[in-house]
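Down below is the structure, laid out as structure tokens.
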Amino acid sequence: ELYRKVMIIDEEAKDEVKLNYGDLLISVVEELISSGATKEALKFARSAERFHKKLIRDSPSNIEFKRGLAHSLYQLGIIYESQGDLSRALEMFEQDRAISQSLTDLDPTNTDFKHDLANTLNAIGNIYDSQGDLNRALERFEQVLAVSQSLRELDPANTDFAFLLSRSFYQLGTVYE
């Protein structure tokens with residue numbers, strides 16, 4: 001019995017180490033993007049994506065691994081968008097959206113999942129807006145607004161959620177101009 005408990009703790013520790021490594025990869029990508037090193041960021045983002053996909057293959061029910069993959073896809077979308085490859089950026093953001101939506105559906109009160117979803121929907125809306133597809137942009141921005149309002153209801157004191165809500169109204173306004 002003691003051996004079994006130790007093995008369970010060992011497996012949980014391994015998952016934590018894997019999760020920390022995945023987070024580290026994403027942090028490196030974010031830092032490279034902010035410094036303008038998009039080629040290097042792309043390499044790390046692809047590595048992060050592969051890493052998280054492998055983690056999910058090994059532990060398909062691990063929600064944090066799925067969230068890590070969503071973050072990897074989001075970063076890839078940011079990179080492709082910065083390179084002007086809007087179709088690939090949209091593809092990455094849509095994959096991220098599907099994961100973020102499924103995580104939000106699993107736990108509708110989890111503000112981290114909802115925040116991720118709102119950011120991804122906003123990124124998708126921005127791409128549609130820049131492509132001139134105002135109907136699709138409007139649809140995504142309206143979804144961002146709904147998620148943002150839900151976040152404010154869950155945590156009215158959170159200033160990040162207040163900003164997200166105000167940004168939602170701003171985005172809708174730019175489409176209606």
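All figures in this text were calculated on a predicted structure; none of them were measured in a lab.
- Side-chain contact check for T120 and D96: at least one donor-acceptor pair (N or O, by modelled atom type) lies under 3.5 Å.
- Grouping Ile, Leu, Val, Met, Phe, Trp and Tyr residues whose side-chain heavy atoms lie under 4.5 Å apart, directly or via other members, places V175 in a hydrophobic cluster with L134, L138, F141, L145, L165, F169, L172, Y176.
- Within the 4.5 Å cutoff, side-chain heavy atoms of I33 are placed close to those of V29.
- Using a 4.5 Å heavy-atom threshold, the side chains of I127 and D133 count as separate.
- In the model, S82 has no side-chain atom that pairs as donor or acceptor with a side-chain atom of T38 under 3.5 Å.
- Taken together through direct or relayed side-chain contacts under 4.5 Å among Ile, Leu, Val, Met, Phe, Trp and Tyr, V28 and I26 form parts of separate hydrophobic clusters.
- Both L73 and F65 belong to a single network of hydrophobic side chains, linked directly or stepwise wherever heavy atoms of I, L, V, M, F, W or Y lie under 4.5 Å apart.
- The CD1 atom of I79 sits 12.0 Å away from atom CG of D85, with the distance rounded to the nearest 0.5 Å.
- If you take OG on S168 and CZ on F163, they are separated by 9.5 Å, rounding to the nearest 0.5 Å.
- In the hydrophobic clustering of this structure, L55 groups with L106; members are Ile, Leu, Val, Met, Phe, Trp, Tyr whose side-chain heavy atoms approach within less than 4.5 Å, directly or through other members.
- The two residues L164 and S148 come nearest to each other via the heavy atoms CG-OG, 3.4 Å.
- Side-chain contact between H71 and Q75 is absent, with no heavy atoms from C-beta onward closer than 4.5 Å.
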Test side-chain contact (heavy atoms from CB on, under 4.5 Å) applied to T109 and D107, step by step: CA-CA 6 Å; T109 61; D107 186 358; 3.1 Å; yes
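- With rounding to the nearest 0.5 angstrom, the CD1 atom of I124 is 5.0 Å from the CZ atom of R140.
- Here the closest non-hydrogen pair linking K114 and S150 is NZ-OG, 2.7 Å.
- Cluster membership check: I78 does not share its hydrophobic cluster with L117, using side-chain heavy-atom separations under 4.5 Å among Ile, Leu, Val, Met, Phe, Trp and Tyr.
- One distance of note links CG of L25 with NE2 of H52; it measures 7.0 Å at 0.5 Å rounding.
- Defined by atom type and a distance below 3.5 Å, a donor-acceptor pair is present between the side-chain atoms of D105 and Q101.
- Considering only residues two or more places apart in sequence or on other chains, Y74 meets the ring pair (Phe, Tyr, Trp, His ring centres under 6.0 Å) condition with F93.
- E94 has a carboxylate O that lies under 4.0 Å from a charged side-chain N of R97, or vice versa, which qualifies the two as a salt bridge.
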I'd like to know whether Q149 forms a side-chain hydrogen bond (donor to acceptor under 3.5 Å, both in side chains) with R152, so could you lay out the CA-CA distance, the side-chain angles of the two residues, the decisive distance to 0.1 Å, and finally the verdict. CA-CA 5 Å; Q149 288 172 325; R152 282 292 284 169; over 6 Å; no
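- Side-chain heavy atoms closer than 4.5 Å link hydrophobic residues (I, L, V, M, F, W, Y) into clusters, and following such links, possibly through other members, connects L151 to L121.
- Atom CD1 of I99 is separated from atom CD1 of I56 by 6.0 Å, given to the nearest 0.5 angstrom.
- Contact of the Q171 side chain with the V144 side chain is not registered, since no non-hydrogen atoms from C-beta on lie closer than 4.5 Å.
- The CG atom of D112 lies 10.0 Å from the OG1 atom of T104; values are rounded to the nearest 0.5 Å.
- Among all heavy-atom pairs drawn from L76 and A45, the shortest one is CD2-CB, 3.5 Å.
- A heavy-atom distance below 4.5 Å is found between the side chains of I63 and L103.
- Contact between A137 and D129 at its shortest, heavy atoms only, is CB-N, 3.6 Å.
- In F44, the CZ atom is not crowded: 12 or fewer heavy atoms of neighbouring residues, nucleotides or ligands sit closer than 6.0 Å.
- Inter-residue side-chain proximity for L42 and Q83 is flagged as met; some heavy-atom pair is nearer than 4.5 Å.
- For the pair L90/Y128, a side-chain contact is recorded, criterion being any heavy-atom separation below 4.5 Å from C-beta on.
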